[in-house]
Amino acid sequence: MSGTPARTAADTATSDVVCLGESMVTFLPSQPGRLADVPSFGRGIGGAESNVACALAKAGHRAAWVSRVGADGFGDHLVDAISAYGVDTSAVRRDPARPTGIYFRTATDRAADVHEVAYYRAGSAASAMSPANVPREALLAGRVLHLSGITAALSADCLALLRELTAPRPGRPLVSFDVNHRPGLWRGGDASPDVLLDLARGADLVFVGEDEAQEAWGVVGAEAIRAALPEPAVLVVKRGPDGAMVFSRLRPGAGSSASPGADSVTDVPALRVDVVAPVGAGDAFAAGFLSATLRGLPVRDRARHGHLMAAAVLTVPGDLTDPPARDRADHLAALDDAAWGRLRLGPGWTGDDTEVRST
């Protein structure tokens with residue numbers, strides 16, 4: 001009918017967020033030390049995008065994970081474990097010819113010199129994802145499509161898929177992109193970390209750490225990162241213990257060619273946290289920020305929800321945990337600046353009967 005507005009992704013969404021990417025079975029050390037010295041490992045799950053999906057599902061959102069896994073026991077475990085968080089895994093495909101990826105890691109911070117990760121993901125089922133074999137209708141079924149630079153590094157086909165999904169087009173979901181630069185994955189071939197910059201320029205919402213921007217692109221400082229990435233409507237620059245700086249503006253819509261307008265810059269301090277294990281915080285931050293974005297909260301509160309969900313993960317041994325109850329997180333996110341700055345969160349702080357400390 002003439003004059004009828006075009007239907008947008010939000011109008012037809014069956015999920016709040018769809019997350020695309022590889023998840024692997026993770027073997028976690030029983031004690032600190034070199035991989036050569038650790039006597040045993042516990043089994044978990046690991047994958048930036050599935051971590052985000054699990055956190056969002058636990059926070060009460062409709063989350064879906066799209067990927068490929070092997071037709072093997074590890075694939076069974078991944079699908080069952082991620083489904084148990086309440087994530088829709090109906091679009092995960094099984095590959096009878098390729099295995100599910102696995103990896104081992106030490107207990108130290110990823111940024112530490114002694115940190116080790118041993119990946120066994122070459123030729124994995126997920127590395128064979130391509131525009132031809134990933135169900136397009138599932139990817140476009142959410143209000144938000146969340147992607148990561150890790151996927152782009154897995155293979156030429158995976159990179160082609162991400163190029164297609166970040167290409168501007170009318171009616172697409174809001175595209176969220178976490179740069180997630182992993183230097184160990186960018187070895188050989190025609191691709192380089194520079195492609196992450198191109199992919200980020202096609203997204204609507206981008207998460208990037210100051211440290212990874214410097215390592216990948218040689219760009220130093222939040223303002224310089226924004227200058228290198230002027231296109232996304234929202235750019236979240238993660239600054240470690242200094243918090244997050246959010247550059248945001250309104251633009252006509254995803255896929256628009258209109259010139260960007262002036263930025264609003266919001267600097268949100270990080271929380272003080274008694275860290276148990278420094279893994280999974282970036283994925284949790286993205287999940288918290290996306291959760292608050294879906295709820296239409298102000299930019300400051302979006303970043304604060306990111307910090308709160310990251311603090312939940314930082315105070316447990318693994319990559320995933322239950323987030324704080326929504327009303328509790330909302331209460332903390334609404335504190336005035338002085339009260340926010342006095343918070344100190346430690347193990348168990350997300351429990352309903354646990355008092356949050358102020359200093």
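Note that the numbering runs from 1 along the sequence shown for the chain.
- When every heavy atom of Pro347 is checked against every heavy atom of Val276, the shortest pair comes out as CG-CG2, 3.6 Å.
- The side-chain heavy atoms of Arg93 and Pro135, taken from C-beta on, include a pair separated by under 4.5 Å.
- Judged by distance alone, the side chain of Arg105 and the main-chain N or O of Pro29 form no donor-acceptor pair under 3.5 Å.
- Side-chain contact between Arg121 and Leu154 is present, with heavy atoms from C-beta onward closer than 4.5 Å.
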Take Asp301 and Arg295 through the side chain to side chain contact (heavy atoms under 4.5 Å, CB included) test and state the conclusion after the steps. CA-CA 11 Å; Asp301 290 3; Arg295 297 169 58 205; over 6 Å; no
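- The shortest side-chain heavy-atom distance between Leu196 and Phe177 falls under the 4.5 Å cut-off.
- Under the 4.5 Å side-chain criterion, counting only non-hydrogen atoms from C-beta, Val175 is not in contact with Leu165.
- Residues Val268 and Val265 do not share a hydrophobic cluster, defined by chaining ILVMFWY side chains whose heavy atoms lie under 4.5 Å apart.
- Both Val179 and Leu161 belong to a common hydrophobic cluster when Ile, Leu, Val, Met, Phe, Trp and Tyr are linked at side-chain heavy-atom distances under 4.5 angstrom.
- A donor-acceptor pair under 3.5 Å links the side-chain atoms of Arg326 to the main chain of Ala59, judged by distance alone.
- Smallest separation of non-hydrogen atoms from Val273 and Ala311: CG2-CB, 3.8 Å.
- Judged purely by atom type and a 3.5 angstrom limit, Arg302 uses its side chain to pair as donor or acceptor with the backbone of Leu297.
- Look at Asp76 and Arg94 and you find a salt bridge, because one of the NZ, NE, NH1 or NH2 atoms lies within 4.0 Å of a carboxylate O, short of that distance.
- Judged by distance alone, the side chain of Trp65 and the main-chain N or O of Gly21 form a donor-acceptor pair under 3.5 Å.
- Follow the hydrophobic side-chain contacts under 4.5 Å out from Val279 and you never reach Leu320; the two are in separate clusters.
- Salt bridge status for Arg304 with Asp337: present, with a side-chain N to carboxylate O gap under 4.0 Å.
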With side chain to side chain contact (heavy atoms under 4.5 Å, CB included) as the criterion, how do Trp349 and Leu332 come out once you've worked through the C-alpha distance, each side chain's angles and the decisive distance to 0.1 Å? CA-CA 12 Å; Trp349 75 270; Leu332 294 175; 3.8 Å; yes
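- The shortest distance between side-chain heavy atoms of Leu145 and Arg172 does not fall below 4.5 Å.
- Of all heavy-atom pairs between Ala128 and Asn133, the closest is O-ND2, 2.8 Å.
- Between the side chains of Asp157 and Ser155, not a single donor N or O lies within less than 3.5 Å of an accepting N or O.
- Without hydrogens or angle criteria, Asp72 side chain to Thr100 main chain gives a donor-acceptor distance under 3.5 Å.
- Formation of a donor-acceptor pair under 3.5 Å by the Glu210 side chain with backbone atoms of Ala222 is found in this model.
- Note that CD1 of Ile45 and CD1 of Ile102 are 15.0 Å apart. Values are rounded to the nearest 0.5 Å.
- Contact detail for Ser248 and Val299: the closest heavy-atom pair is OG-CG2, 3.8 Å.
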For Arg43 and Thr26: C-alpha separation, side-chain torsions, deciding distance, then whether side chain to side chain contact (heavy atoms under 4.5 Å, CB included) applies. CA-CA 6 Å; Arg43 185 181 68 175; Thr26 310; over 6 Å; no
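- Other residues, nucleotides and ligands contribute more than 12 heavy atoms inside 6.0 Å of the CZ atom of Phe104.
- Although no hydrogens or angles enter the test, the distance criterion places a donor-acceptor pair under 3.5 Å between the side chain of Thr106 and the main chain of Glu116.
- The CG atom of Asp283 sits 10.5 Å away from atom CZ of Phe207, with the distance rounded to the nearest 0.5 Å.
- Side-chain contact between Leu162 and Leu20: present, with at least one pair of heavy atoms (C-beta onward) separated by less than 4.5 Å.
- Cluster membership check: Leu199 shares its hydrophobic cluster with Val66, using side-chain heavy-atom separations under 4.5 Å among Ile, Leu, Val, Met, Phe, Trp and Tyr.
- Within the 3.5 Å criterion, the main-chain N or O of Val246 finds no donor-acceptor partner in the side chain of Arg226.
- Residue Tyr120 is not grouped with residue Val117 when hydrophobic side chains (ILVMFWY) are merged at heavy-atom distances under 4.5 angstrom, including chains of intermediate members.
- Nearest approach of Ala312 to Pro323, heavy atoms of both residues: CB-CA, 4.5 Å.
- In this structure, the side chains of Leu290 and Ser176 come closer than 4.5 Å at one or more pairs of heavy atoms.
- Remark: Arg62 does not engage Asp88 in a salt bridge, criterion side-chain N to carboxylate O under 4.0 Å.
- Atoms CZ and NE2, from Arg272 and His307 in turn, are 13.5 Å apart once rounded to the nearest 0.5 Å.
- A ring-centre distance under 6.0 Å is not found for Phe289 and His305.
- To the nearest 0.5 Å, the span separating CE on Met309 from CG on Asp322 amounts to 10.5 Å.
- In this structure, Arg143 and Pro173 approach most closely via the heavy-atom pair O-CB, 3.6 Å.
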Go through the steps for Asp16 and Val144 under the test side chain to side chain contact (heavy atoms under 4.5 Å, CB included), then give the verdict. CA-CA 6 Å; Asp16 292 324; Val144 175; over 6 Å; no
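- Under the 4.5 Å side-chain criterion, counting only non-hydrogen atoms from C-beta, Ser291 is in contact with His61.
- Under a 3.5 Å cut-off, the side chain of Arg163 and the backbone N or O of Thr166 do not form any donor-acceptor pair.
- Judged by distance alone, the side chain of Ser23 and the main-chain N or O of Gly46 form a donor-acceptor pair under 3.5 Å.
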Check residues 78-87 and write down every donor-acceptor pair under 3.5 Å in which the side-chain atom is one partner and the other belongs to a residue at least two apart or another chain.
from: Ser83; atom 1: OG; to: Val79; atom 2: O; distance (Å): 2.7
from: Ser83; atom 1: OG; to: Thr89; atom 2: OG1; distance (Å): 2.8

